Structure formats: C-alpha cells, structure tokens
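Heads up: the structure comes next, in structure tokens.
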Number of protein chains: 2
Amino acid sequence: MKADDAVVIRGLRLFHEARDETFADLIEAGFLQRFPPGVLLIQESDRADFLHVVVEGLVEIFATTAGRETTMDLIRPVGVFILAPVLSEQAYLQSARTLEKSRILMIPAEKVRRSMTLDPSFMRAIVIELAHGYRRVIKDLKNHKLRTGTERLANWLIHNEIDQGRQGFVDIPFEKRVLASRLGMTPENLSRAFAALRSHGVKVKGIRIEITEPEGLARFALPNALIDAPEGHLSIQS
Amino acid sequence: MKADDAVVIRGLRLFHEARDETFADLIEAGFLQRFPPGVLLIQESDRADFLHVVVEGLVEIFATTAGRETTMDLIRPVGVFILAPVLSEQAYLQSARTLEKSRILMIPAEKVRRSMTLDPSFMRAIVIELAHGYRRVIKDLKNHKLRTGTERLANWLIHNEIDQGRQGFVDIPFEKRVLASRLGMTPENLSRAFAALRSHGVKVKGIRIEITEPEGLARFALPNALIDAPEGHLSIQS
DNA sequence: AGACCTCCTTGACCTAGATCAGTTATCGGA
DNA sequence: TCCGATAACTGATCTAGGTCAAGGAGGTCT
C-alpha cells in the first residue's frame, strides 16, 4: 500500500483515534486490491470475514429477497462498509458490488475484533461509528415510512445541492437507475418524480439537475433535520 | 428499586458483563418511575439525557414528520431503548410513549458514557448491543423496501407464532392499529391484508389469529432469515 | 461518421395502498 | 345490564407506484 493511502485511511473517524501500533497492525494485516466495475465483493448470508474500506471508486450496498433487489447505500472513498457483522461475528445482511473500478482495503474481521479488545480508544471509535451508522439507517427508515418517492427525491436534491457547493444544481454521481433504487423506486417512477418536480423549480438536463427555485422546492419537500441532516459520517453519502 | 428488579435488569445483555461496581453505579444514579398509558417519555429532537429501560409495561417508539406519524418499534420488559444518541451525545431521532401503564428506569446519559469509559467490559457489551440494534433496523428497512404490506404481515405472523410457542395461533399483544403502524400501513389496510391471507390459511378471531396452514402461509410469505430472524435482542420484539 | 448499445423517458395500464364514510364489534364504566 | 366511546371492519373512490412496451438520447467502438 502506498503511504499516502494509509494517511487518508488514518483520517477516517474509525481509525483516527486508534493507537499508532493498532493502526499499523490493522493496515499490515489488510490487503489492498483493485477491482473492475460490477464485481461482487460481499454476498449476503456469507460469514463476515473482512472489514472493507473503499479507497477509490464506488461501491453499492444492496439487498435481495424473493428475486427482488434494492440499493441500501452507496459508499465513496474514503468509507468503511458493513462494520456491524464483523464485530458480532455474524453473517452479512447486505451484499456489496463495485459500480466503478475501485481499490478496496480488506482487513480480516478477527484482526479488527482483537484490536478492539487491545485498544480502548479504538473500541471507543467503534462505538461512535456504530452509533452513527445506526442513526443513519433509522433516518432512512423514517424517510421511507413517512414520505412518498417524489418527496424523498426532492429532499435528496436539496441535501446534495448543498453538498456539492450550493451552485444551484446537482450532478447525479451515478446512474439514475441506481438513484432510483437507493430512493426505493423504479427508474420509470424516478423520471415521473422529476417531471412532477418541474412545477417546483427543478429542471433535468441529463445528469445535471438544475434547481431554479430552492425555496419552492423546500416548501414541497419539507426537509427535516431528523431525517435529512447527514449523520457525522465516514463516507461521502449518497 | 426492588432488589428483584435489579436482578432482572442485570440479566440484560447490555449490563450482564459489566463489573459489579459499574452496574451498582448505574442503578444508583438511575431512578425508577411509574407512568400511566399515553405518556410521552421522549420527544424527538430533544437532547438525549437518559438511557431508558422498560421494567414493566409497553413502550412505543415512533417518529413523525410533516404531520405524519409511524411506529418504529415496540419495547416490552426488559428492554433498553434509544441507546445510540445517548452515546454520541446527540438528539433523539425518535419519540417514545407508554402504551400501557409502565415502570421505566431512567439512567443519566452522562453516567452511561462515563461508565463506558471506566469499564471496558461494559463498553464491549455496548458494541455488541449497538451492532445488534443496527442490524435490526437494516432488517426492517429491507422488509419495507423489498416487500408489500401483506407480505410483511404474513412474515410477522410466522415469526410471532413461533415466538408464542408454536401453538398454531398468534395473539396480537397490542391494538391492531399499532401493529398496522409498525408494519407501515393504515388500520384499514391491515384488515384487508388479513382478508387477503384467508386464502393462505389465516383466520382472524378478534385478537387471536389462527394459522391453519403454516406451510401455505410460508409459501406466500417466503420468510428470509436475513430479514425475519430475530437479532440477538434485549427486548421481546414486536 | 455511422452503427450499436445501453440508459433514460414517456404513455398505457394495472396493482398496492390511502382516504373517506358508514357500520359493526368490543370494552369499560355507570 | 345498558350505554357510550373507541376500535375494527367493509365498501367506494382516489392516489402512489409498478409493469409493460415503445421511442429517443447519449455514449462507445470500429
């Protein structure tokens, strides 16, 4: 692994407060690997053998049942994913695949658990990270139970316009079908949701979505900090 | 607090492995209070000041936005609720109210955080508890994104029939409107979902739901361990 | 540049679910 | 035991969202 990669990974909240030797130990035990797009990294129901860190690229966390599939999350560098089953020695509940060519650091689960036992400051960081991840999923569940698809899209746009620097537009950083699945709808329905938002000052220009009337959009979306505000996070959120 | 209450609470996974003095300290700092039904215990967006333990009764965890409301969870004795914001010193994302008359132990958040710092075995239990809670919400989100309301009901019945001792029926342990909200549907729709399950061997007799053809119901429900299997849990789940 | 491929969009149609209204069942208290 | 209040059920209607099919727009490779 290149030294500057290690520096970036060390910047993650999860590793930042760990002792030097804990961090060195974890990096030492892990291996960095390159993957082309579309590679299945994790299969749900498999035993959690590794903690994964996205160093470069884009990873989709998804779940399936009865032939259906949905996107649970999207992880950009530098982000850790699927921490919980690594800690409780359980099976993964979600699968993961690369959407772009990516570099992934894989740290053996056993090593993570042992480091946690040996280094209280690392364990402390794990507590904070788990608590934040927990809260993010709760927000997502609220989003789904309390809002329609079009409202979820409107709030996603508001949140991402801010994230991308308040320039009055949002560039969707992956395929629209992926966004649709992340928001819990079909691609067809996403198109219609965009059409419905036209009357609230939203213009679709390919990948770029222009927001001409932020106040009008907010009036429709009714953003709520307890759903939409980003949880202190490891990864650039979707 | 009565001594036998303390024994039961000590039995919780969260407290079981804590040192004796840690546990004594937490119990000492906490206070046990009685509430009639319908009392708001926690208001979302309030700062997390206490960790709550349901010693007796029934507590509903719910969330609201834009005038809508949904049930996020139901906590029966002995169960802890809303641990995450207590640890990361944040606002509650969910509200809580009693549904029955209840006894609740409230432990100051600051005390929980300090005990965690002082007692690694307690912190370790917190990691496990958080990881399990995290996984439970992920299962719930999968349940909602991947299934219809009727399918969620069918799987809820299968799971609860087993929980209640495989007697061929399920007694709904709260009002049906609460179940409806927990499953993310209206009371009207829950009635229709029950009607739809008649052809799969489900008979409604008031509070008691008879399951005459478990195999037929399972064929319709397609239960999935990665959604329906109970996570190692503190509380009797809903 | 042209051909091809994939993604996105749009329309028609259908199903799932919400809402509204009216009725029936259930439970607690006088 | 009756009464009133609340919960539950049922039907009619409407909206949200999924499915199917076709057309259009944007890339990439030769």
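Lettering follows sequence order; numbering is per chain, from 1. Because the structure is predicted, anything quoted here is derived from the model rather than measured.
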Do B:R103 and B:Q33 meet the criterion of a side-chain donor-acceptor pair at a distance under 3.5 Å? no
Between the protein and nucleotides 8-10 of chain D, list every N/O to N/O distance that falls short of 3.5 Å.
residue	atom	partner	partner atom	Å
D:dA8	OP1	B:K176	N	2.7
D:dA8	OP2	B:R177	N	3.3
D:dC9	OP1	B:K176	NZ	2.8
D:dC9	OP2	B:S191	OG	2.9
D:dC9	O5'	B:S191	OG	3.3

In whole angstroms, the gap separating P of D:dG17 from NE2 of A:H144 amounts to 10 Å
Separation of C:dC8 atom C1' from A:M185 atom CE, nearest Å, is 15 Å
Quick check: does any side chain N or O of A:K139 sit under 3.5 Å from a backbone N or O of A:Y134, one acting as donor and the other as acceptor?
no
To the nearest angstrom, the CG-C1' distance between B:L99 and D:dA7 comes to 14 Å
#### Entry: Cation over ring face, B:R97 and B:F62, 6.0 Å, 45°
yes
(Q) Can you see if the side chain of A:T186 gets near the phosphate of D:dG18 - specifically, an N or O under 4.0 Å from OP1 or OP2? (A) yes
Atom CD of B:E151 and atom P of C:dA16 are separated, to the nearest Å, by 9 Å
Would the distance check show the side chain of A:T98 and the main-chain N or O of A:V39 forming a donor-acceptor pair, the cut-off being under 3.5 Å? yes
Is it the case that B:T64 and B:E69 place a side-chain donor and acceptor less than 3.5 Å from each other? no
To the nearest angstrom, the NZ-C1' distance between A:K145 and C:dA16 comes to 17 Å
Separation of D:dA25 atom P from A:K205 atom NZ, nearest Å, is 15 Å
Rounded to whole Å, the CG-P distance (A:L153 to C:dC8) equals 14 Å
B:R219-B:H200 side chain donor-acceptor pair, cut-off 3.5 Å:
no
